[in-house]
Structures are given as structure tokens and as C-alpha cells.
Amino acid sequence: MDPNDPHWDKRGALYVPSGQGPTVWAVGDVYTIKATGAQTNGGLGFIEATVPAGGGPQAHAHTEQEETFYILDGELEFLDGDHIFTAVAGDFIHVPRGVRHRFTNKGNHAAKMIFMFTPPGPEQIIADYAQPVRPGEAPPQIDDEQIARYEEMVRLTKVINLPEPS
């Protein structure tokens, strides 16, 4: 193998600068889609999330994707099946498909994390169906239009919304 072969000069990295990427409100959280399956040759979907106090989705399970989280700042309560734990900055969580999970910010301040879907798909549906953020504004109150968008995202991603464990 010749290290001077021009083949090694080929470019192909996906570079998304800080603050860039479609940014949407999803269940009151702020998601910036950093990479979609189309951009990663079907490798993964990657999202940067800010979860306000009280924020996070209801318990659910993915039927077709695994979901992986890395906490950047703050703390989030996670549900894993029937077990609840608190994840803090630097913690890594991987949720296999078919496992009931959710995260909730029980703190006073916003938490930041990155998460990814493998295989990709939900990140594009979120980008397409969640409401685009309007800079300088708080997320709007949940209304019938947002509920309809959310229900369509659930249908398209084949997510199963589940109750909290008893």
C-alpha cells in the first residue's frame, strides 16, 4: 500500500460547525440535527439536545433503532425497563431496540446531551415533522397541531409509547 497514493487525499468528512444544523422543538426540548442517515451513508443519526427543567419524552421503545446517549452537562433521570437512574455529565447510556426508556430533566437547569440512532431514520423524521425553533422564543405551548405532528412522528418511526412501570 503506497501512502503517497492520491487516493488518500480524497475528502469525504461531514463537518457541521457549532450552532449549525436544523434546530427544532420536540416535546418541549430543543434538538439540533447534526447528521442524518443520508449524510452518513446510512451509518447513524446524530442529535444535540437541550432538555429544559421538566423536559423529556414519555416512556417509549424503538422497534427498529438502538439509541445511544452521552450527557454533556446537567443531569437527567433515565428509565431503563423498570429501573430508574440518574445520568450526569460524562455518562454514556446505550438502549437496545425494544427496551422501554425515557429521560426526564428533574433538575432546575437545562441539561445538554448528544444522542444517536442506529440505524438512522428518526432524526430525519424529527427534522421533517417537529416545529422549527424560532430564535429568541421559548417553545410554544403544546397545542393540537403539535400533538398531530408528534403522533405522525411516532407512527413513522414505529415507536411504541408505553406507560411508566408500576
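Evaluation of the side-chain contact (heavy atoms from CB on, under 4.5 Å) rule for Asp2 yields Asn4, Asp5 as partners, not counting sequence neighbours. Judged as a side chain to side chain donor-acceptor pair (under 3.5 Å), and not counting sequence neighbours, Asp80 has no contacts. Scored by the side chain to side chain donor-acceptor pair (under 3.5 Å) test, Thr68 finds His94 as partners (sequence neighbours excluded). For Lys158, the side chain to side chain donor-acceptor pair (under 3.5 Å) test picks out Glu64, with sequence neighbours left out. Annotation: salt bridge (Lys or Arg N to Asp or Glu O under 4.0 Å) contacts of Arg100 (sequence neighbours excluded): none. Shown here are the side-chain contact (heavy atoms from CB on, under 4.5 Å) partners of Glu151, two or more places apart in sequence or in another chain: Ile147. For Gln141, there are no side chain to side chain donor-acceptor pair (under 3.5 Å) partners, not counting sequence neighbours. For the salt bridge (Lys or Arg N to Asp or Glu O under 4.0 Å) test, residues two or more places apart in sequence or in another chain that qualify with Glu152 are Arg155.
For residues 2-43, the set of pairs meeting the ring pair (Phe, Tyr, Trp, His ring centres under 6.0 Å) definition, not counting sequence neighbours, comprises Tyr31-Phe115. Evaluation of the salt bridge (Lys or Arg N to Asp or Glu O under 4.0 Å) test over residues 112-130, restricted to residues two or more places apart or in two chains, returns Glu48-Lys112. Contacts classified as salt bridge (Lys or Arg N to Asp or Glu O under 4.0 Å) and involving residues 132-142 (residues at least two apart or in different chains) are given here: Arg134-Glu137.
Side-chain contact between Arg102 and Ile84 is present, with heavy atoms from C-beta onward closer than 4.5 Å. No side-chain heavy atom of Pro132 sits less than 4.5 Å from a side-chain heavy atom of Thr23. A heavy-atom distance below 4.5 Å is found between the side chains of Met113 and Leu76. Contact of the Met153 side chain with the Ile126 side chain is registered, since non-hydrogen atoms from C-beta on lie closer than 4.5 Å. By the 4.5 Å heavy-atom criterion applied to side chains, Asn161 and Tyr150 are counted as neighbours. Using a 4.5 Å cut-off on side-chain heavy atoms (C-beta onward), Pro119 and Arg97 make contact. For the pair Phe85/Ile93, a side-chain contact is recorded, criterion being any heavy-atom separation below 4.5 Å from C-beta on. A 4.5 Å side-chain heavy-atom check between Val95 and Phe69 finds at least one atom pair inside the cut-off.
Within the model, atoms CD of Gln131 and CD1 of Ile142 stand 9.0 Å from one another, a figure rounded to the nearest 0.5 Å. Rounding to the nearest 0.5 Å places OG1 of Thr40 at 14.5 Å from NZ of Lys34.
Note on Phe117 and Ile33: same hydrophobic cluster, where clusters join Ile, Leu, Val, Met, Phe, Trp and Tyr whose side-chain heavy atoms are under 4.5 Å apart, directly or indirectly. Criterion: ILVMFWY side-chain heavy atoms under 4.5 Å apart, direct or through other members. Under it, Ile47 and Ile125 are part of a common hydrophobic cluster. Hydrophobic cluster membership is shared by Val24 and Tyr129, with clusters built from Ile, Leu, Val, Met, Phe, Trp and Tyr side chains linked at under 4.5 angstrom.
By the 6.0 Å contact criterion, CG on Asp143 is enclosed, its count of non-hydrogen atoms from other residues, nucleotides or ligands being greater than 12.
Closest non-hydrogen pair, Gly21 versus Thr32, comes out as O-CG2, 3.7 Å. Across Pro139 and Gly28, no two heavy atoms sit closer than the pair CG-O, 3.7 Å. Across all non-hydrogen atoms, the minimal contact from Val51 to Gly56 is CG1-N, 3.8 Å. When all heavy atoms are compared, the tightest approach of Gly98 to Ala61 is C-CB, 4.1 Å. In terms of heavy atoms, Gly107 sits closest to Ala53 at O-CB, 3.2 Å. Taking all atoms of both residues into account, the shortest heavy-atom contact from Ile71 to Ala87 is CG1-CB, 3.8 Å.
Within the 3.5 Å criterion, the main-chain N or O of Gly55 finds no donor-acceptor partner in the side chain of Asp29. Of the possible polar contacts, none joining the His101 side chain to the Gly81 backbone as a donor-acceptor pair under 3.5 Å is found. Of the possible donor and acceptor atoms, one in the side chain of Asn105 sits under 3.5 Å from a partner among the backbone N and O of His109.
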field: Steps toward side-chain contact (heavy atoms from CB on, under 4.5 Å) verdict (His60, Ile160)
entry: CA-CA 5 Å; His60 62 280; Ile160 302 169; over 6 Å; no

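Residue Leu44 belongs to a hydrophobic cluster whose other members are Phe46, Tyr70, Leu72, Phe92, Ile114, Met116, with links defined by side-chain heavy atoms closer than 4.5 Å.
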